[in-house]
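Please read the structure below before turning to the comments.
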Amino acid sequence: MHGWVRRVGTWLGALTLGLVLGACRAHPAPEDASSSAKGGERPASILCPTEDAEGAPLDLAAAFGVERALSARVERMLRVARELETSATELRDETERVCVELARGLSSDVVPADRAPCEVAFERFLALKGALTRGGASLSVSVQSVSCSLDLGALQACAGECLTGQAGIVSRVECAATEGGCGLDFSLPNASSACATQCAVRSLGLARCSAHVDVQLEGGAADLVAAVTALKTQVPRLVVLGGELSVRALEALASVRGLVDELAGAIDEVSEVGRNANASFVGGAVLAGCVGPRLADALRAGIELETSLTAAARLQHALLE
């Protein structure tokens, strides 16, 4: 298991301590008949703060009694985590959909539900290419061009929202101009690493890419029409997912992991320093218990995306060999 995943997992253990000490925002659990009859105490439960329907910022300082600087860092990290989970899930689903459709085009066999779709497509493509070679035919796939762009307005909105914490505000973005927008490389002047990471993660869902791919079959039988059609239809998007977007996604994931490690260290420090002051110690422990699961879910989505993109890149390499 990745070290940073293990690190987030250790936060969850802190929740037990918070419960024992009756930490901040402790609420009695619903009473049942048996516990009332026995006259026993009702266990405390922790109510983690949530955002309202308008997405107003969480007041973690008030909820947990920790300093506002740390509260602001946590709030921003939660926004990054939410962006990551959304973008990672969308990209993973699209990658797997493309591979499923390609695998179906390459073979009439059912795509096994317990197999990674890109791995299945990889095996089927190698089998098809091998059969063609043995039959004296040949199949070639080549990329003629790939282009990607980002909407400048959307990036400026992300930058403004991240820097101010408010929607509807735009901020300056520096990027290489492309037709209709920005290139995939951009920077946010004077922005924190958390803001840069948040917008980098969001850009994964904003990127508009296209690829022109040439598929040539020589000497093949007529029954390979479906396979050629699937290659022409799905490979252009696969080239983007396994190439440009894969690189950006892995860079963004690495940045998120670094921020998670930094935040984990800050929360650990709050808990350690506050050992002689129960409010700070318990606040840090419960903060970890509420924040840890959210970040763990986002990182888990990132791991699944990384796995899918790695398989897509492997498939792309085989197609273009």
Side-chain angles (χ1 to χ4, degrees), residues 55 76-77 79-99 101 141-214 232-259 298 301-302 305-306 308-310 312-313 316 319-320:
R76 179 157 290 169
M77 194 62 231
R79 288 197 294 272
V80 174
R82 187 167 60 248
E83 297 274 4
L84 173 62
E85 191 164 9
T86 298
S87 294
T89 300
E90 290 176 354
L91 271 183
R92 184 203 66 213
D93 289 348
E94 183 181 4
T95 302
E96 295 191 352
R97 178 192 61 76
V98 168
C99 286
E101 294 302 320
V141 181
S142 60
V143 178
Q144 306 301 307
S145 64
V146 179
S147 62
C148 291
S149 66
L150 295 165
D151 180 77
L152 178 58
L155 285 179
Q156 290 172 331
C158 179
E161 176 188 326
C162 188
L163 290 168
T164 65
Q166 299 177 18
I169 296 177
V170 299
S171 184
R172 190 162 63 96
V173 174
E174 294 180 350
C175 64
T178 62
E179 185 178 349
C182 286
L184 295 187
D185 288 321
F186 65 90
S187 62
L188 312 182
N190 303 317
S192 67
S193 58
C195 270
T197 298
Q198 181 177 340
C199 292
V201 169
R202 186 180 298 185
S203 73
L204 297 176
L206 297 174
R208 297 293 174 260
C209 300
S210 62
H212 178 63
V213 175
D214 185 44
K232 289 181 176 179
T233 304
Q234 304 303 332
V235 172
R237 188 56 183 166
L238 181 67
V239 166
V240 170
L241 291 166
E244 291 286 336
L245 287 186
S246 176
V247 172
R248 305 298 167 177
L250 295 180
E251 288 174 348
L253 287 171
S255 296
V256 172
R257 292 165 188 168
L259 292 175
L305 172 61
E306 188 173 353
S308 293
L309 290 178
T310 299
Q316 177 193 340
L319 289 167
L320 302 178

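A quick note: this is a predicted structure, and the numbers were derived from the prediction, not measured.
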Seminar exercise, completed: Closest heavy-atom pair, Ser171 versus Leu163, reported as atoms and distance to 0.1 Å, is OG-CD1, 3.3 Å

Problem set entry | Between CD on residue Glu251 and CG on residue Leu184, distance to nearest 0.5 Å | 10.0 Å

Problem set entry | Approximate separation, where rounding is to 0.5 Å, of Cys148 SG and Glu244 CD | 5.0 Å

Exercise. Between Pro189 and Val173, which heavy-atom pair has the shortest distance, and what is it?
Worked result: CD-CA, 4.4 Å

Problem set entry | Non-hydrogen side-chain atoms of Gln156 and Asp151 separated by less than 4.5 Å | no

Seminar exercise, completed: Rounding to 0.5 Å, atoms OG (Ser192) and CZ (Arg76) come to a distance of 4.5 Å

Exercise. Closest heavy-atom contact between Ala312 and Leu238?
Worked result: CB-CD1, 3.8 Å

Problem set entry | Value rounded to 0.5 Å, distance of CG in Leu204 from CZ in Arg248 | 10.0 Å

Problem set entry | Non-hydrogen atoms of Ala207 and Leu245 that approach each other most closely | CB-CD2, 3.7 Å

Exercise. SG of Cys199 to SG of Cys162, below 2.5 Å?
Worked result: no

Problem set entry | Interatomic distance, Leu241 atom CG to Glu94 atom CD [nearest 0.5 angstrom] | 5.0 Å

Problem set entry | Cationic N near anionic O, under 4.0 Å, Glu161 to Arg79 | no

Exercise. Is there side-chain contact between Cys209 and Arg237, with at least one heavy-atom pair below 4.5 Å?
Worked result: yes

Problem set entry | Leu84 side chain reached by Leu253 side chain, heavy atoms, under 4.5 Å | yes

Problem set entry | Distance, nearest 0.5 Å, that separates CD1 of Ile169 from OG1 of Thr164 | 3.5 Å

Problem set entry | Shortest non-hydrogen contact from Asp214 toward Gln144 | CB-NE2, 3.5 Å

Exercise. Does a side-chain heavy-atom distance below 4.5 Å link Met77 with Val256?
Worked result: yes

For this session: Would you mind reporting whether Arg97 and Gln234 have side-chain heavy atoms less than 4.5 Å apart?
Result: yes

Exercise. Does any N or O in the side chain of Ser203 come within less than 3.5 Å of the main-chain N or O of Leu206, such that one atom is a donor and the other an acceptor?
Worked result: no

Exercise. Any idea which heavy atoms bring Ala88 and Ala301 closest together, and the distance?
Worked result: CB-O, 3.7 Å

For this session: Give a yes or no answer on whether the side chain of Thr95 reaches the backbone of Leu309 with a donor-acceptor pair at less than 3.5 Å.
Result: no

Problem set entry | Pairwise side-chain contact, Cys182 with Leu155, heavy-atom cut-off 4.5 Å (strictly under) | yes

For this session: Could you point out which residue of Glu90, Glu85, Arg92 forms a side chain to side chain contact (heavy atoms under 4.5 Å, CB included) with Leu305?
Result: Arg92

